[in-house]
Asker: 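Below is one structure. I have some questions about it.
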Protein chains: 2
Amino acid sequence: MSKVNIKVLADQLQLSVSTISKALRDSYEISDETKKKVMELATQLNYIPNPYASSLRRKKSKTIAVVLPEVADNFFSLAINGIQSIAESKGYHVLIYLSHEKYANEKNILEDCQSGRVDGVLISISSETNSAEHINKLQTRNIPVVFFDREQEAIETARVTTNDFDCGLMAAKHLLQKGCRRPAFLSISQSLPICLNRLEGFKAAVQQAGVPEEDRQIVYCTDNDGMYDQIKLLLQQPNRPDGLIASVEKIVTPVYLTCHELKINIPNEVKVIAFATLDTAPILNPPLTTITQPAFEIGKAAATLLFKGIEKSSFDLRKERMIIPSMLIERESTK
Amino acid sequence: MSKVNIKVLADQLQLSVSTISKALRDSYEISDETKKKVMELATQLNYIPNPYASSLRRKKSKTIAVVLPEVADNFFSLAINGIQSIAESKGYHVLIYLSHEKYANEKNILEDCQSGRVDGVLISISSETNSAEHINKLQTRNIPVVFFDREQEAIETARVTTNDFDCGLMAAKHLLQKGCRRPAFLSISQSLPICLNRLEGFKAAVQQAGVPEEDRQIVYCTDNDGMYDQIKLLLQQPNRPDGLIASVEKIVTPVYLTCHELKINIPNEVKVIAFATLDTAPILNPPLTTITQPAFEIGKAAATLLFKGIEKSSFDLRKERMIIPSMLIERESTK
DNA sequence: TTTATTTACGAAAACGGTTGCGAAACAATG
DNA sequence: CATTGTTTCGCAACCGTTTTCGTAAATAAA
């Protein structure tokens, strides 16, 4: 309604629009006296600048995109919080996009991000993604990209992850140390580096411990709906595993439910450890041993890097690699 | 870099920019032949329109704001998913803002929303908010607002909630029916309608059941950090409650942990029911009886209403009130 | 053939800020 | 006094797209 813009201010103060603009931006060209008058009238009339007019001219949107596989996950919720906290302090706005774990969606989203709508992109790729083109296109348009958690290895840019390999190793060692002889690794993707790295850690540990081939299993729960059945099958085998590593949080509930259903006691018959940031971990039945990822910090770090890339063109994101370690928190499920 | 805009297309095709613009928007004024040529060159040169130029001219941003207290909460995560799913299908973009339960933050956020950056606002107010001015300002600027879950009663606009009163009643009745004599209600705010309504339901139930005044307690866990201590105090009373209603999800973990710590058996010594969308509810120790809110549906419904308000100026949001019922899912914690 | 009517397009003014440059006013310097 | 410098402001172009209006040519109607 009240369309008070720079022109209105200019008319009322008998000044030119350029003077108003400069005054509002605190330009050295404008006298303190004039600035004060402008500011006063601006607040009095409740002047709010049109961000798109400004973006158009300055070719800066003060907006970033956050592209996630999904948000119904504690990890990503916390990461968003971290990102948001940095963005807010920098005066940036945050657009959220969900790929729903589909490459096609992710591609469309990044397509749009080339429009100038955003100054930078934070992305955790979908489990389907193994191409790099769509991300490359952003780079050729000089739009900084930073990966967090789920990276795409072929792309040269900054990435913030946790120490996935070490954690995979640590998780497996923990199970072995607690007496597991037939550990299994539950993954959700054959291509996601987070899964692969955690898996490699697992492999290294069982290799080193001399676990026979037939006693180590790797299960890919690639589709959400089939997860229960797959886990059930796994646990109904005659020589079922006696230790499980859930490589991501969403595997936890199906695992627990299946164990309860099949009356398999955790931790006596099977020990469970999971990569998760669940705050209900300590009150599960039994309390769940977790590799807790520093989701909030990862979000913050990724955002911080991105803003460096955005604000200093001299800053080279390509070699930046930040690894924020996770913590193993031992609870009853692996006792 | 490749700054291919309408002008570039125009030059290459020996046409005017207006013709290009119209062709791209499939205007009847342009011949099919020309349209085809324009489209082809556009895709060939990978032309991507500048959204801000368009927004500036058309005074439509194709963007909405979602203002939340926080996102580290299953309810809001799911709600975002619902909102996002509708926005995506409508070709809208979603800006996320967090108030961190502070009125001052919320006010700043809504201030910015007046700039034309967004075409509408979905909001779940902070627990601190009891003023309405900041929301009113949006209305006077003709920016549609829709509340979801946490509404501000003084404002006349659409709202999507769950049947809070009924659920409060249902929860209390459930506890009473299961044999509780001294039920307590754990709230997080003295002003949030969701808390008040749930509380009113609780009050009605205990009133009706004739529970003596001294045997019903209402505890306000207003600050996050003090929550543990407050709950501990509550449960260390000589005449401690034998039934607890957690009015929001984040109270659950502290309650369970405290019970475990004090060796108070759930459900034998105290029964617990919670308003929560936790997917770990069935695997908690013991499995938690929940009032499960249809978070995803609430998000979808709120977004749908908002878009109606945005797209049809004739559509009057003021009288819209949608109530999507929650479900009581009984589990061990109230057995 | 003349007069309407369509069809297909272009010119130019928006939208609301930003910014390079020139200019006036005044002060300082030689 | 002439010259140079400083301060403060306005003019006008510009960002990329949309949209109103005008018009020439082609077609249809008279």
Asker: For every nucleotide of nucleotides 5-12 of chain C, 5' to 3': is a protein heavy atom under 4.0 Å from its base (B), only from its sugar-phosphate (S), or from neither (-)?
Answerer: ---BBBBB

Asker: Using atom types as modelled and distance alone, determine if a side-chain donor or acceptor of B:T161 lies under 3.5 Å from a backbone N or O of B:D149.
Answerer: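 Not at all, since once roles are kept as given, no pair shorter than 3.5 Å links the two residues.
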
Asker: Does NZ in A:K107 sit with more than 12 non-hydrogen atoms of other residues, nucleotides or ligands closer than 6.0 Å?
Answerer: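 Atom NZ in A:K107 is not packed in, count stays at 12 or less.
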
Asker: Give a yes or no on whether the backbone of A:A23 and the side-chain of A:S27 come within a donor-acceptor separation of less than 3.5 Å.
Answerer: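 Not confirmed, A:S27 side chain does not pair with A:A23 backbone.
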
Asker: Starting at CG of A:L9 and ending at C1' of C:dG17, how long is that distance when rounded to a whole Å?
Answerer: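 Taking CG of A:L9 and C1' of C:dG17, I get 12 Å after rounding.
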
Asker: Mind listing the residues from residues 52-64 of chain A sitting with a heavy atom below 4.0 Å of DNA chain C? Number order is fine.
Answerer: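 Those residues whose heavy atoms fall under 4.0 Å from DNA chain C, taken from residues 52-64 of chain A in numerical order, are A:A53, A:S54, A:R57, A:R58.
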
Asker: Applying side chain to side chain donor-acceptor pair (under 3.5 Å), can you list everything that pairs with B:R58, at least two apart in sequence or on another chain?
Answerer: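 Scan of B:R58 (side chain to side chain donor-acceptor pair (under 3.5 Å), adjacent residues dropped) gives none.
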
Asker: Of all nucleotides in DNA chain D that come within under 4.0 Å of a heavy atom of chain A, which is furthest toward the 5' end and which toward the 3' end?
Answerer: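 So the outermost contacting nucleotides come out as D:dT8 to D:dG16.
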
Asker: Would you name the heavy atoms of B:I324 and B:P294 that are closest together and state the gap between them?
Answerer: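 The answer is CG2-CG, 3.4 Å.
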
Asker: Is there a donor-acceptor pair closer than 3.5 Å between any side-chain N or O of A:T157 and the backbone N or O of A:R318?
Answerer: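 Side chain of A:T157 to backbone of A:R318, a donor-acceptor pair under 3.5 Å: no, none is there.
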
Asker: Please table the atom pairs, donor to acceptor, closer than 3.5 Å between any side-chain atom in residues 125-132 of chain A and protein atoms at least two apart or in another chain.
Answerer:
{"unit_1": "A:S126", "atom_1": "OG", "unit_2": "A:E128", "atom_2": "N", "d": "3.1"}
{"unit_1": "A:S126", "atom_1": "OG", "unit_2": "A:T129", "atom_2": "N", "d": "3.2"}
{"unit_1": "A:S126", "atom_1": "OG", "unit_2": "A:T129", "atom_2": "OG1", "d": "2.8"}
{"unit_1": "A:S127", "atom_1": "OG", "unit_2": "A:E101", "atom_2": "OE1", "d": "3.0"}
{"unit_1": "A:E128", "atom_1": "OE1", "unit_2": "A:Y103", "atom_2": "N", "d": "3.1"}
{"unit_1": "A:T129", "atom_1": "OG1", "unit_2": "A:E106", "atom_2": "OE1", "d": "3.3"}
{"unit_1": "A:T129", "atom_1": "OG1", "unit_2": "A:E106", "atom_2": "OE2", "d": "2.9"}
{"unit_1": "A:S131", "atom_1": "OG", "unit_2": "A:Y103", "atom_2": "OH", "d": "3.3"}
{"unit_1": "A:S131", "atom_1": "OG", "unit_2": "A:E133", "atom_2": "N", "d": "3.3"}

Asker: If you measure from the Lys or Arg side-chain nitrogens to the Asp or Glu carboxylate oxygens, is any gap between A:E311 and A:K90 under 4.0 Å?
Answerer: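 Salt bridge between A:E311 and A:K90, a charged N being under 4.0 Å from a carboxylate O: yes.
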
Asker: Work out how much the helix from C:dT1-D:dA30 to C:dG30-D:dC1 bends between its end axes, five pairs an end, to the nearest 10 degrees.
Answerer: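 Roughly 50° between the end axes, to the nearest 10°.
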
Asker: Please report the shortest heavy-atom distance between B:P144 and B:L306, naming the atom on each side.
Answerer: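 Between these two residues, the closest heavy atoms are O-CD1, 3.5 Å.
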
Asker: Short question: side chain of A:D119, backbone of A:K62 - any donor-acceptor pair under 3.5 Å?
Answerer: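 Checking the backbone N and O of A:K62 against the side chain of A:D119, a donor-acceptor pair under 3.5 Å is found.
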
Asker: Is a side-chain donor or acceptor of A:S61 paired with a backbone partner of A:S55 at a separation under 3.5 angstrom?
Answerer: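 It does not hold such a pair.
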
Asker: For a quick test of reading the model, state the closest non-hydrogen atom pair linking B:L95 to B:R117 and the distance between them.
Answerer: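 In terms of heavy atoms, the two residues are closest at CD1-CD, 3.7 Å.
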
